[in-house]
Amino acid sequence: MRLSQMLFATLREDPAEAEIPSHKLLVRAGYIRRVGSGVYAYLPFLWRVLQKISQIVREEMNATGAQECLLTQLQPSELWKESGRWETYTKAEGIMFALTDRQGRELGLGPTHEEVITLIARDMIRSYRQLPLNLYQIQTKFRDEIRPRFGLMRGREFIMKDAYSFDADEAGMKVSYQKMNRAYHNILHRCGLAFRAVDADSGAIGGSGSQEFMVLADAGEDEVLYTADGKYAANVEKAISLPPDAVPSPFKAYKKLDTPNTPTIASLADFLQCSPTQIVKNVLYQVTYDNGMNVLVLVSIRGDQDVNEVKLQNELGRLAGEYGGSAVIGLKVPSEEDQQQWATKPLPLGYIAPNLSDDYIQPAKNLAAQFLRLIDPTAVELENFVTGSNESGYHVVGANWGQEFPLSKHQVDLRKSVAGDRSIHDPSQTLQTARGIEIGHIFQLGTKYSKAMGATYTNEQGEEVPLVMGCYGIGVSRLAQAAVEQSYDKDGIIWPVAIAPYHAIVVIPNINDNKQVSAAEVIYSELNRVGIEALLDDRNERAGVKFKDADLVGIPYRIVTGRSLQEGKVEVVNRATRESQEISVHEVVPTLRRWIDEAITAKTDVA
RNA sequence: CGGGAUGUAGCGCAGGGGUAGCGCGCCUGCUUUGGGAGCAGGAUGUCGCAGGUUCAAAUCCUGUCAUCCCGACCA
């Protein structure tokens, strides 16, 4: 492609809308333009990048035997009601764009496709003889994100590859899952990205096991905890670890103490000259279920530890049935206004004990009459501990479970792991931290959707049983931006060769010099002939402008038909290393062909 | 949804009751031609929108919309 004929406009200054380097660079270099909040146009350069990524994804998916298809973006609400997700996806914090058509029918714009694919499976898969099966698509998804961010990183409209596997049983699903796991490793390696596969929370998608593929970058929205031996890595939302040991309590006798102005753990530990590990902290939450039921939750945890709200929400989801609900639609620390809604009298905030009386709760419809008391193991293990007294200004010390305080039967890990914790698989390993961009997520769904929607098949014994599913996503447009976030310098983008919009750019420093022009034309057409995707900068611009633009756009190899033409050579510059060498006009195309092939295949061969 | 900020030329920004500005970009011409050129000339505005105050509003007031950031939240 000739630059003189392209829609090509670069910006010298950073756009005001962008915050992180990759977003700034993609706008400056003319890859994307914002159309609305979280909605971006993919301009010709980016579209080529997306096609490259899609092709790699396609090849690796096809290699596993998966079949490509294209499902619908408009999805009838009935489908989502069958799976039970219509309410959670459209109400409260729901992320589905919902609309009503002229007949008054409710529809959603697809944020994900479990429902649609399960409908297809229900219609078409009848026998175990048709299994296993894996269908995938590459398509625009719509999500009404609470806060779109950072360009393509978190858009309300974005391109995703989603795959769905169907197996006869759990074992088969695990095989399908492992195939996808391998394919994802291959895809990210081929795209030239540094990444880490980590244990993950399954969130609203549901199911048992899941892993995320994190592209490592400081601007990542997720925190990853991992051990140096490579045997453990998890999203901080999911991570487990050994907490630091508690310091034995100096308080041997149960006593209530006057502790003025100590509503926080730090102030209390300081006042009592004790360790935060000797304190039982009691944190109040308010959960709302999909049936409108509200429950006040009191979480007891060791004072030096924090509650992992994802773990908490998952536990509350498991308990939904006890309150007549099926899913959590809201979880928060109740504000003062919230407290006024249900509290019979002011709460002793900062001085709450594990046995805070249920009398604080006003009887009301849609409000559980009793606190749900959850306790983390870090608190269970404590003896002679310090905790609140349910009276402002006073704490108790030397308390024990089963004596002063009943021990809740809801003992569950709610603790947030942090860097520096000892690992469970090997306590000599401590957790390290890194930031990551979630590019892929694979789930073992099991029968959640097939049961809800009646997607069954007949097994060898002639029994009708639900299909066992897995689902697997890759954020294609997010991957493109993550690649930039991971690879740029002060002058612009440095694309991995495999996903660069073009492999090479031929720069004519002086368009008025016929020798330069004709040499460039020859090389340009030769590059095209051997299948190297090339740009020709034939604009009537000064050389400096062209070099700056080539760097900014990030084309891996730059060929300059300049001064060295006198010796029958051209200059070739590697964008990533900035290495420059002069190569004879006749050698340059085969040389580039070799370099490019090496750069691409070096990434292809991985386990 | 809470907190914060910003809306003025295509982009980045200044101005702060009385003629609409700067830099970059754009157009024309000449010169220049290996790291975002120089000179000369030129075009481009509902100052987000709607009300209000005033002799007079980009500027003050009220409302509203949009965008960005932090948080809550989020496959």
Side-chain angles (χ1 to χ4, degrees), chain A residues 9-20 23-24 27-28 30 33-39 85 88-89 92-96 110-114 141-151 153-156 158 160-162 200-207 210-213 221-222 235 237 285-286 288 309-310 313 328-338 438-443 445 471-475 478 490-492 507-513 516 537 539-552 558 560-565 570-571 573 578 580:
Chain A
T10 57
L11 301 177
R12 200 185 284 235
E13 289 171 288
D14 286 336
E17 75 192 45
E19 191 72 12
I20 62 173
H23 187 191
K24 289 176 181 172
V27 175
R28 278 188 57 202
R33 278 294 139 101
R34 190 175 61 79
V35 174
S37 176
V39 179
R85 291 207 294 181
T88 50
Y89 267 69
E93 308 291 353
I95 56 162
M96 182 155 60
T112 173
H113 282 72
E114 281 81 11
K141 294 281 187 281
F142 298 91
R143 294 187 185 180
D144 192 1
E145 293 285 350
I146 293 170
R147 183 144 96 88
R149 265 200 270 217
F150 303 150
M153 286 296 190
R154 185 171 290 277
R156 297 195 298 165
F158 61 96
M160 180 175 180
K161 186 282 308 181
D162 47 326
D201 180 65
S202 308
I205 291 277
S210 97
Q211 274 193 304
E212 287 166 340
F213 290 79
E221 294 186 88
D222 290 285
N235 190 312
E237 296 176 350
Y285 288 92
Q286 180 170 352
T288 305
E309 295 191 2
V310 173
Q313 174 151 356
V328 171
I329 60 170
L331 173 63
K332 60 182 172 183
V333 174
S335 65
E336 261 178 55
E337 287 145 47
D338 294 325
E438 181 192 347
I439 287 303
H441 200 160
I442 59 179
F443 300 82
L445 285 179
C471 75
Y472 317 92
I474 287 182
R478 183 186 276 186
K490 66 175 173 51
D491 291 315
V507 172
I508 307 169
N510 184 353
I511 199 80
N512 297 315
D513 182 333
Q516 292 188 6
D537 194 346
R539 294 175 298 166
N540 185 12
E541 291 286 353
R542 293 164 57 86
V545 172
K546 298 184 180 186
F547 295 152
K548 287 286 187 190
D549 278 342
D551 286 349
L552 179 60
R558 184 177 85 208
V560 186
T561 58
R563 296 183 287 235
S564 52
L565 268 186
V570 291
E571 182 188 26
V573 183
R578 297 193 172 275
S580 163

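Chain letters run A, B, ... following the sequence lines, proteins first, then strands; residues in each count from 1.
Spacing between B:G2 and B:A72 at atom P, rounded to whole Å, works out to 16 Å. Comparing B:G21 with B:G45, their P atoms are spaced 13 Å from each other, to the whole Å. Separating the P atom of B:G63 from that of B:C73 is a span of 30 Å, rounded to the nearest Å.
Stem regions for RNA chain B, each three or more consecutive Watson-Crick or G-U pairs with both distances under 3.5 Å and listed by first number, read B:1-7 with B:65-71, B:10-13 with B:21-24, B:26-31 with B:37-42, B:48-52 with B:60-64.
Following rounding to the nearest Å, A:D338 (CG) and B:G2 (C1') show an atom-to-atom distance of 12 Å. Going from atom CD1 of A:I20 over to atom C1' of B:C70 covers 15 Å, rounded to whole Å. Distance A:D14 CG to B:C13 P: 9 Å, rounded to the nearest Å. Atom NZ in A:K546 sits about 17 Å away from atom P in B:U32, given to the nearest Å. A straight line from CD of A:E17 to P of B:C11 spans 10 Å, rounded to a whole angstrom. In this structure, A:N510 places its CG atom 5 Å from C1' of B:U33, rounding to the nearest Å. Rounded to a whole Å, the CG atom of A:L331 is 15 Å from the C1' atom of B:G71. Rounded to whole angstrom, the span from the CD atom of A:E221 across to the P atom of B:A75 amounts to 12 Å.
Summarising the geometry of A:K161 relative to A:Y472, their closest heavy-atom pair is NZ-O, 3.2 Å, with the distance given to 0.1 Å.
A donor atom on one side chain and an acceptor atom on the other are not found under 3.5 Å apart for A:S564 and A:E571.
For A:S37, no side-chain nitrogen or oxygen approaches OP1 or OP2 of B:A66 to under 4.0 Å. Residue A:R563 places none of its side-chain N or O atoms closer than 4.0 Å to OP1 or OP2 of B:G34. In terms of phosphate contacts, A:R147 brings a side-chain nitrogen or oxygen within less than 4.0 Å of OP1 or OP2 of B:C70. Not one side-chain nitrogen or oxygen of A:R149 sits closer than 4.0 Å to the OP1 or OP2 atom of B:C74.
The side chain of A:R34 approaches B:U67 more closely than any other nucleotide in the set B:G35, B:C13, B:U67. Each of B:A37, B:G35, B:C11 was ranked by its minimum atom distance to the side chain of A:R542; first place goes to B:A37. Checked against B:A75, B:C69, B:G34, the side chain of A:F158 finds its nearest nucleotide in B:A75. Among the nucleotides B:G34, B:C69, B:G36, the one closest to the side chain of A:P509 is B:G34.
Base orientation of B:U53: anti (glycosidic angle beyond 90° from 0).
Across A:K546, A:R578, A:K490, a single residue satisfies side-chain contact (heavy atoms from CB on, under 4.5 Å) together with A:D551, and that is A:R578.
Residue whose closest nucleotide on RNA chain B sits further toward the 5' end, between A:G475 and A:R578: A:R578. Position along RNA chain B of the nearest nucleotide to A:L11 versus A:K332 favours A:L11 as the more 5'-ward residue.
Here the side chains of A:R85 and A:M96 are not in contact, with every heavy-atom distance at 4.5 Å or above.
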Treating primed atoms plus P, OP1 and OP2 as sugar-phosphate and everything else as base, which nucleotides of nucleotides 23-28 of chain B get B, S or - for protein heavy atoms under 4.0 Å?
BSS---
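Looking at heavy-atom distances under 4.0 Å, A:D513 makes no contact with the nucleic acid at all. At the heavy-atom level, A:V507 lies nowhere under 4.0 Å from the strands shown. Note on A:R156: nothing from the nucleic acid sits closer than 4.0 angstrom, heavy atoms only. As judged by a 4.0 angstrom heavy-atom cut-off over every strand, A:R33 is placed among residues making no nucleic acid contact. Nucleic acid contact class of A:E212 (heavy atoms, under 4.0 Å, all strands): none. Residue contacts shown for A:D551 include a base, since a base heavy atom lies under 4.0 Å away. Counting non-hydrogen atoms under 4.0 angstrom, A:Q516 reaches nothing in the nucleic acid. At a threshold of 4.0 angstrom between heavy atoms, the contacts of A:G473 with the nucleic acid are absent.
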